[in-house]
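When reading the values below, keep in mind they use all heavy atoms of this one structure, side chains included, and skip hydrogens, waters and symmetry mates. As the structure lists them, so they are numbered: ligands from 1, and atoms in each ligand from 1. Quick caveat: nothing in here was measured; it's all calculated off a predicted structure.
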Amino acid sequence: MAILSAVLQIKELHKRFGATVAVDGISLSIEKGEIFGLLGPNGAGKSTTVNMAVGALQPDSGEICIAGQGAPSKPEVRRMIGVAPQELALYDEMSGVENLHFLGSLYGLSRTTLRTRIGEVLEEVGLQDRGGDRVGGYSGGMKRRLNIAAALIHNPSLLFLDEPTAGVDPQSRNKILETTERLAKEGTTIVYTTHYMEEAERVCHRVAIVDGAKIKAIDTVANLISEHGGQDTLVVEFQDETLRLQTEKPLEELNRLAAERAFERFHLERPTLEQVFLNLTGRSLRD
Ligand code: ADP
């Protein structure tokens with residue numbers, strides 16, 4: 001039954017560009033209301049996967065099925081999808097409202113529906129007071145938020161956010177994360193592409209670790225950390241040095257150290273997604 005209820009189902013997707021294998025057998029299944037993270041370094045194959053899932057790129061082989069209705073190449077299936085791409089498609093000389101009006105009319109929304117939806121989506125991203133201003137005067141973060149509002153204008157049930165917080169100010173970043181969480185609570189299914197682990201840890205219900213055109217693991221953040229994170233790190237601060245020790249028995253280690261010499265402070269660090277990534281791929285996501 002899980003397969004029938006999936007909002008996005010991808011099976012054995014393959015894509016190459018010349019000699020470059022961009023996507024090599026990716027499969028995943030995402031449920032309604034889920035925020036699903038695609039986490040991986042540049043060149044991992046995230047955008048290529050997303051481009052195929054939204055129907056912008058034809059796979060070499062594999063299957064994509066949206067809400068049980070078939071491939072995104074069908075116009076009625078395409079309509080269920082909203083995409084906020086990394087490259088902004090906004091007109092600087094128009095206001096926020098005018099941009100949304102233009103983009104919304106491309107979906108064939110009526111004037112009345114458009115007027116209501118524009119108000120709703122501006123509020124959704126916290127731009128209700130700035131809708132009348134020229135987009136050219138927006139900050140980078142406000143433009144990103146308007147970009148998300150545009151992706152929501154036709155009320156899609158499946159939303160793709162591609163690095164939505166890349167290079168934005170902390171206030172906009174918070175707004176974007178809050179919007180993402182609220183939309184999911186209201187039933188929108190969200191595919192969230194990022195290379196920021198802290199964000200994936202905060203908003204994603206499940207995360208796929210993508211590297212080298214393949215998915216290395218898919219699970220909740222908590223499960224990924226407990227299965228692939230490795231041991232906790234005991235950090236002990238002495239007067240003249242700080243000791244970092246990976247251990248399964250931090251209390252025993254601490255007792256042993258205390259018997260040897262006095263320390264000033266200690267704390268325990270749980271493994272993070274960064275450590276999971278390192279353990280699964282042999283390299284750091286920050287490289
Ligand atoms: P990510 O989104 O994880 O950064 P991409 O899906 O953009 O990764 O890229 C995966 C691989 O495919 C990279 O090696 C990239 O250079 C290559 N690639 C992506 N798009 C194209 C294209 N249109 N033409 C040629 N190579 C491409």
Would Tyr192 and Glu199 count as having a side-chain donor-acceptor pair, cut-off 3.5 Å?
->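 Short answer, yes.
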Would you check whether [X] has a nitrogen or oxygen atom less than 3.5 angstrom from a nitrogen or oxygen atom of ligand 1?
{"X": "Lys46", "value": "yes"}
{"X": "Ala44", "value": "yes"}
{"X": "Thr48", "value": "yes"}

Among protein heavy atoms, which sits nearest to [atom], and what does the distance come to when rounded to 0.1 Å?
{"atom": "atom 10 (C) of ligand 1", "result": "Gly43 O, 3.4 Å"}
{"atom": "atom 12 (O) of ligand 1", "result": "Ala22 CB, 3.3 Å"}
{"atom": "atom 27 (C) of ligand 1", "result": "Phe17 CD1, 3.2 Å"}
{"atom": "atom 16 (O) of ligand 1", "result": "Thr20 CG2, 5.0 Å"}
{"atom": "atom 7 (O) of ligand 1", "result": "Ser47 CB, 3.7 Å"}

Taking all non-hydrogen atoms of both residues, which atom of Gly82 and which atom of Pro156 are closest, and how far apart?
->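 Minimum heavy-atom contact is N-CB, 3.3 Å.
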What are the two closest non-hydrogen atoms of Gln231 and Pro271, and how far apart are they?
->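 Heavy atoms only, the tightest pair is O-CG, 3.7 Å.
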Is the cationic atom of Arg283 (NZ for Lys, CZ for Arg) positioned less than 6.0 Å from the six-membered ring centroid of Phe277 and within 45 degrees of its normal?
->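 Checked: cation-pi criterion not met.
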With a 4.0 Å cut-off, would you call Arg79 and Glu76 a salt bridge?
->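 Glu76 and Arg79: not salt-bridged.
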With a 4.0 Å cut-off, would you call Arg206 and Glu34 a salt bridge?
->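 Salt bridge between Arg206 and Glu34, a charged N being under 4.0 Å from a carboxylate O: yes.
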Gly18 heavy atom under 4.0 Å from ligand 1 =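 Per 4.0 Å heavy-atom rule, Gly18 does not contact ligand 1.
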Min heavy-atom dist Gly45 to ligand 1 below 4.0 Å =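 The answer is yes: ligand 1 sits under 4.0 Å from a heavy atom of Gly45.
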What do you think, any protein heavy atom under 4.0 angstrom from atom 24 (N) of ligand 1?
->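 True for atom 24 (N) of ligand 1.
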Would you mind listing which atoms of ligand 1 come within a distance below 4.0 Å of any non-hydrogen atom of Pro41?
->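 Those qualifying, in numeric order: 3 (O).
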How many angstroms lie between CG in Asn174 and CD in Glu178, if you round to the nearest 0.5 Å?
->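 Asn174 atom CG to Glu178 atom CD measures 5.5 Å (nearest 0.5 Å).
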With no hydrogens and no angle check, is any side-chain donor or acceptor of Asn99 less than 3.5 Å from a backbone partner on Tyr91?
->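 At least one qualifying donor-acceptor pair exists.
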